[in-house]
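Working notes for the structure below.
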Amino acid sequence: MSKTKDLTIKDVRVIVSSPGRNFVTLKIVTECGIHGIGDATVNGREMAVASYLQEHVAPCLIGRNAHEIEDIWQYLYKGVYWRKGPINMACIAAVDVALWDIKGKVAGLPVYELLGGKSRRAVTTYAHANGETIEGTLDSAEALIAQGFKAIRLQTAVPGLEGTYGVLGDKKDYYEQQSSRPLPPEQPWSTRKYMNSIEALFREARDRFGDDIALTHDVHSRLTPIEAARLGKMLEPYDLLFLEDAVAAENQDSYRIIRDHTTTPLAIGEIYNTIWDCKELIQNQWIDYIRTATTHAGGITGVRRIADFAALFHVRIAPHGAPDLSPICYAAQAHLGLWAPNFGIQEFVGFGNEVSDTVFSHDLTLKDGMIHVGDSPGLGVDFDEEAAAAHPYKRSYLPVSRLEDGTLWSW
Ligand code: KDG
Ligand code: MG
């Protein structure tokens, strides 16, 4: 118990809202009135996390001391018996982040100060350039460079395929921000068509922008290790900052094959939930960037643990920052990114949209492609429950991918 404030947890609220897209938000309120918020959004499975939090986690938190972040983390991790897993770890993450928020507010300090203080001025980001054509993608990249971004992810539609990861076939919307897809849409995939078209994107990008701009690309786990090795070699002349999710690595050993063949730096981790998912990738130095997000890998406590381990092996953190990561997650990762000695880069797609801005408030600002963190105590982010009530949950799914013969593939 704090000497001056009663930090006994008295209320735990779970709010599922859809201000532009679905988010699962956790609010923990203490007896003294200080509250903290956390993000538990698992894209396409929001109600599973909400019910886990509401039915199973919330009752265990009432009456506990909000200061005991580590003990509560262990209690929810070891105590659940069913360790790890995306739903469990997103719930632990939301509790963890809300408790760091509370601790910062009690201390009167931003969370990065509690972690050990700033290691840098601000958090460098990379932005997304997508397009139906190479020219369209590069036009979009040029606009981002003009805004001050120094690192850009490039994705272009694959000729002959209607809609690919990062680019929608219907051209109507950015790939993640549909407010509702009541059933999973299907998209075709052909590794041959992709491999035949991808090099030109990076060749033309280097011709147009020169060598100073950092470039990344997300394969979204669609290749086999030997195909990824070939892609890495093919892209070596264009000096990527990293190639992301070249291969799904439930079998972490797969990355040894890629590593043996190419010097293109490798990044992975946005769907990982714990350090165990990436332990071999990191300790064998098969990757260069670990992309675990606070929302999906056990909060600030979980990602800090991964970051410290990764630092021993020259692996830097590059947290996931797609539209399904709420402003609460951005704030948590900005505080972590300011502190982490082995911070690499933060993915950035904007802090939200006009609708989500009515629900989430925060003191993060973007300048010259960097996130600057304000000095508000805690995370510096808040959530307006009344405003959120105007945007109820809408069932929505991510797309699925099939080969042209109908075989289900990684999306
Ligand atoms: O929920 C899935 C998205 O977050 C994911 O498709 C985005 O791969 C992604 C990225 O790197 O932003
Ligand atoms: Mg990705």
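Whatever order the structure lists them in is the order used to number ligands and atoms, beginning at 1.
Heavy-atom proximity to atom 1 (O) of ligand 1, evaluated over Val42, Thr216, Asn43, is greatest for Asn43. Between atom 11 (O) of ligand 1 and the options Glu244, Gln155, His128, the minimum heavy-atom separation is to Glu244.
Ring planes of His56 and Tyr52: perpendicular class, angle over 60° (limits at 30 and 60°). Aromatic ring pairs are classed by plane angle as parallel below 30°, tilted from 30° to 60° and perpendicular above 60°; the pair Trp411 and Tyr165 is perpendicular. The aromatic rings of Phe351 and His362 sit tilted, their planes meeting at an angle between 30° and 60°.
Atom CZ of Arg305 has more than 12 heavy atoms from other residues, nucleotides or ligands within 6.0 Å.
Of all the atoms in ligand 1, the ones that sit under 4.0 Å from a non-hydrogen atom of Glu347 are 10 (C), 11 (O), 12 (O). Within ligand 1, counting atoms from 1 as listed, the ones closer than 4.0 Å to a heavy atom of Leu398 are 1 (O), 2 (C). Near His220, the atoms of ligand 1 lying under 4.0 angstrom from a non-hydrogen atom of the residue are 5 (C), 6 (O), 8 (O), 9 (C). Set against the non-hydrogen atoms of Arg153, the atoms of ligand 1 under 4.0 Å away are 10 (C), 11 (O), 12 (O). Listed by number with element, the atoms of ligand 1 under 4.0 Å from a non-hydrogen atom of Ala322 are 4 (O), 7 (C), 12 (O).
Contact check on Lys193 versus Glu404 returns a salt bridge, with a Lys/Arg side-chain nitrogen under 4.0 Å from an Asp/Glu carboxylate oxygen. Between Asp101 and Lys105 there is a salt bridge, with a side-chain nitrogen of the basic residue lying less than 4.0 Å from a carboxylate oxygen of the acidic one.
Around the Mg ion (ligand 2), the protein contributes the following N, O or S atoms under 2.8 Å, ordered by chain and number: Asp218 OD2, Glu244 OE2, Glu270 OE1.
Looking at Asn284 and Arg259, their side chains never bring a donor and an acceptor atom within 3.5 Å of each other.
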Give every donor-acceptor pair under 3.5 Å between a side-chain atom in residues 204-216 and any protein atom, sequence neighbours left out.
residue: Arg206; atom: NE; partner: Tyr238; partner atom: O; Å: 2.9
residue: Arg206; atom: NH1; partner: Gly210; partner atom: O; Å: 3.0
residue: Arg206; atom: NH1; partner: Ile213; partner atom: O; Å: 2.8
residue: Arg206; atom: NH2; partner: Ile213; partner atom: O; Å: 3.3
residue: Arg206; atom: NH2; partner: Tyr238; partner atom: O; Å: 3.1
residue: Arg206; atom: NH2; partner: Asp239; partner atom: O; Å: 3.2
residue: Arg208; atom: NE; partner: Glu142; partner atom: OE1; Å: 3.1
residue: Arg208; atom: NH1; partner: Asp139; partner atom: OD1; Å: 3.2
residue: Arg208; atom: NH2; partner: Asp139; partner atom: OD1; Å: 2.7
residue: Arg208; atom: NH2; partner: Glu142; partner atom: OE1; Å: 2.9

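Of the heavy atoms in Trp411, only side-chain atoms (C-beta onward) come closer than 4.0 Å to ligand 1. Under 4.0 Å from ligand 1, not a single heavy atom of Asp245 appears.
Taking any N or O of Asp218, backbone or side chain, at least one lies under 3.5 Å from an N or O belonging to ligand 1.
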Query raised in the report: Ser17 and Tyr393: side-chain contact (heavy atoms from CB on, under 4.5 Å), yes or no, with the steps?
Result: CA-CA 5 Å; Ser17 61; Tyr393 165 74; over 6 Å; no
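A ring-ring contact (aromatic ring centres under 6.0 Å, His included) with Tyr126 holds for exactly one of Tyr289, Phe242, Phe348; it is Phe242.
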